[in-house]
2 protein chains.
Amino acid sequence: MEAAKHSPAQFQALLESKGLKYTYERKMIFDEVSHLKEHFDADSLYERFKGKGRRISRDTVYRTLPLLLESHVIQKSAGAGKREFFERIGRKGHHDHMICIKCGKIIEFQCEEIEKLQEKKAQEFGFKLTFHDHRLFGTCKDCQHG
Amino acid sequence: MEAAKHSPAQFQALLESKGLKYTYERKMIFDEVSHLKEHFDADSLYERFKGKGRRISRDTVYRTLPLLLESHVIQKSAGAGKREFFERIGRKGHHDHMICIKCGKIIEFQCEEIEKLQEKKAQEFGFKLTFHDHRLFGTCKDCQHG
DNA sequence: ATCCTATTCAGATTTAATCTTAATAGGATT
DNA sequence: AATCCTATTAAGATTAAATCTGAATAGGAT
């Protein structure tokens, strides 16, 4: 008894709670990101819509991503360069990243204890945690020789 | 018996380990950031040098900040807008941030257990942790009513 | 059908960060 | 001290990311 894959329910719920509409464009963007297996940035997502039937403007993409973050459809990710990267929260669930400052390699890691501690800390401040960005920078195994 | 305040020893050590020189400009930048009590971004730091005796170019500031991060003189911080923020690691030591997505308020928090778990996770991957960026986004106490 | 508000589009604009080329600094060599 | 050599910096141009602007559209309410 598994929930249907890629249900927009959480997204729709968030929109409703904010008095926003589940528009054609928001549907399209939800659908696209919820099927993306790799990480992506706002602009590359925009490029994906070019030439696919109806166009979706860059601005709409940029405006929709924070809503998807907030509804836990996507999470912050990491990638080369200075853009902000995202990725859908898929079967493997939420995870964070280590980035090698020498070769750029990205390692995914999960730590349930850190997640819990984060939540606990937030509660201490009466802060309602929505999403987070946690990236570890350093040197990967292969780049440490010499 | 306290260590001298704002010693460039760690910074100089890092430079040496990389075969880089402790130049006049790097001294100036070290000195400036090690006395800054507030967070700052690269560009505002650059502006500080304008009109102060010898100029330091924007590019030099941008190139020096990662070295200061790496030598633990500064850490990643958080602030309004999309710039990258930094702050010196002062008496209170390292800490991370919660950012309210409604009002922009920034709350500092410390969690020794999270720091340790991070380090442990890094070790699992043979990853040598240098610095990190950990930001929690959500809604602060005051913005949760209604 | 008309009105009203939210939303979107398209492209211009802004702004952050990096790149380019030439100049400079400072150590090593003779 | 003069020359050479490499790292570093300056200044401003360039690139690229993200947001803004004004007009157009959508879709629900009256």
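Convention: sequence-line order gives letters A, B, ...; per-chain numbering from 1.
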Given DNA chain C, 5'-ward residue of the pair B:Glu84 and A:Thr23, judged by closest heavy atom = A:Thr23
query = Between D:dG28 atom C1' and A:Leu20 atom CG, what is the distance in whole Å?
reply = 15 Å
inquiry  = Can you measure A:Glu47 atom CD to D:dA18 atom P for me and round it to whole angstrom units?
reply    = 13 Å
key: Closest nucleotide among D:dA7, D:dT9, D:dA11 to the B:Asp59 side chain   = D:dA11
remark   = Assign each of B:Glu25 and B:Arg58 the nucleotide of DNA chain D bearing its closest heavy atom; nearer the 5' end lies the nucleotide of B:Glu25
key: Rounded distance in Å - OH (B:Tyr46) to P (C:dA16)   = 13 Å
task = Could you state the atom-to-atom distance from OH of A:Tyr22 to P of C:dA6 in whole Å?
result = 21 Å
task = Look at the aromatic rings of A:Phe30 and A:Phe11 and report parallel, tilted or perpendicular, splitting at 30° and 60°.
result = parallel
query = What nucleotide, of D:dT8, D:dA16, C:dT7, holds the atom closest to the side chain of A:Arg83?
reply = D:dA16
inquiry  = Expressed as a whole number of angstroms, how long is the span from A:Leu65:CG to D:dA17:P?
reply    = 14 Å
ask   = Reckon A:Tyr62 has a side-chain N or O less than 4.0 Å from the OP1 or OP2 of D:dT19?
value = no
remark   = Rounded to whole Å, the NZ-C1' distance (B:Lys21 to C:dT24) equals 12 Å
B:Asp59/B:Arg63 salt bridge by N-O under 4.0 Å criterion = yes
query = Are OP1 or OP2 of D:dT8 and a side-chain N or O of B:Thr60 less than 4.0 angstrom apart?
reply = no
request  = Output yes when at least one side-chain N/O atom of B:Arg63 is less than 4.0 Å from OP1 or OP2 of C:dC19, else no.
outcome  = no
query = For the pair made of CZ in B:Arg26 and P in C:dA25, what is the distance, rounded to whole Å?
reply = 15 Å
ask   = Under 4.0 Å between a side-chain N or O of B:Arg55 and OP1 or OP2 of D:dT9?
value = no
task = Give the minimum heavy-atom separation between B:Thr130 and A:Gly138, together with the two atoms involved.
result = OG1-CA, 3.2 Å
task = Tell which nucleotide pairs with C:dC4, taking only Watson-Crick or G-U wobble pairs whose two distances are both under 3.5 angstrom.
result = D:dG27
inquiry  = Given D:dT8, D:dA10, C:dC9, identify the nucleotide with an atom nearest to the side chain of A:Ile56.
reply    = C:dC9
ask   = Any ion pair linking B:Glu70 and B:Lys18 (charged N to carboxylate O, less than 4.0 Å)?
value = yes
ask   = Given the rule in the ring-ring contact (aromatic ring centres under 6.0 Å, His included) test, do B:His94 and B:His132 qualify, once you have shown the distances and angles that lead to the verdict?
value = CA-CA 10 Å; B:His94 173 81; B:His132 68 265; 4.5 Å; yes
query = Given atom NZ of B:Lys50 and atom C1' of D:dA10, what is their separation to the nearest angstrom?
reply = 13 Å
task = Look at A:Ser57 and C:dG11 and indicate whether a side-chain polar atom (N or O) is within less than 4.0 Å of OP1 or OP2.
result = no
